[in-house]
Q: 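Below you will find the structure I want to go over with you.
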Amino acid sequence: MTADAAIFVSKRLQRPAFAILCLIAAQFVLASCEPEPSPMAARVALSHRY
């Protein structure tokens, strides 16, 4: 009885769990890409020469 309930719950949660894993994987892929420079981005000088 308990095993049947666990299997039923796991079958119900397969699609949402797969969707969440896909979203997490997409976040990792997008985070690994370098962002394009924005035309409104301000340039900051990293070294000052006097």
Side-chain angles (χ1 to χ4, degrees):
M1 179 76 177
T2 306
D4 293 335
I7 291 171
F8 175 73
V9 170
S10 66
K11 284 184 180 180
R12 285 185 59 194
L13 294 177
Q14 282 178 357
R15 286 187 180 174
F18 182 71
I20 291 171
L21 288 176
C22 286
L23 289 173
I24 292 171
Q27 287 291 326
F28 279 120
V29 169
L30 291 175
S32 67
C33 297
E34 292 185 16
E36 295 182 9
S38 173
M40 300 297 291
R43 294 186 178 211
V44 178
L46 298 177
S47 63
H48 298 288
R49 293 188 180 181
Y50 296 104

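For this chain, numbers begin at 1 and follow the sequence in order.
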Q: Who are the side-chain contact (heavy atoms from CB on, under 4.5 Å) partners of L23, not counting sequence neighbours?
A: none
Q: Which Ile, Leu, Val, Met, Phe, Trp or Tyr residues join F28 in one cluster when any pair of side-chain heavy atoms under 4.5 Å counts as a link?
A: I20, I24
Q: List, by chain and number, the other hydrophobic cluster members for F18, where Ile, Leu, Val, Met, Phe, Trp and Tyr join if side-chain heavy atoms come within less than 4.5 Å, directly or indirectly.
A: none
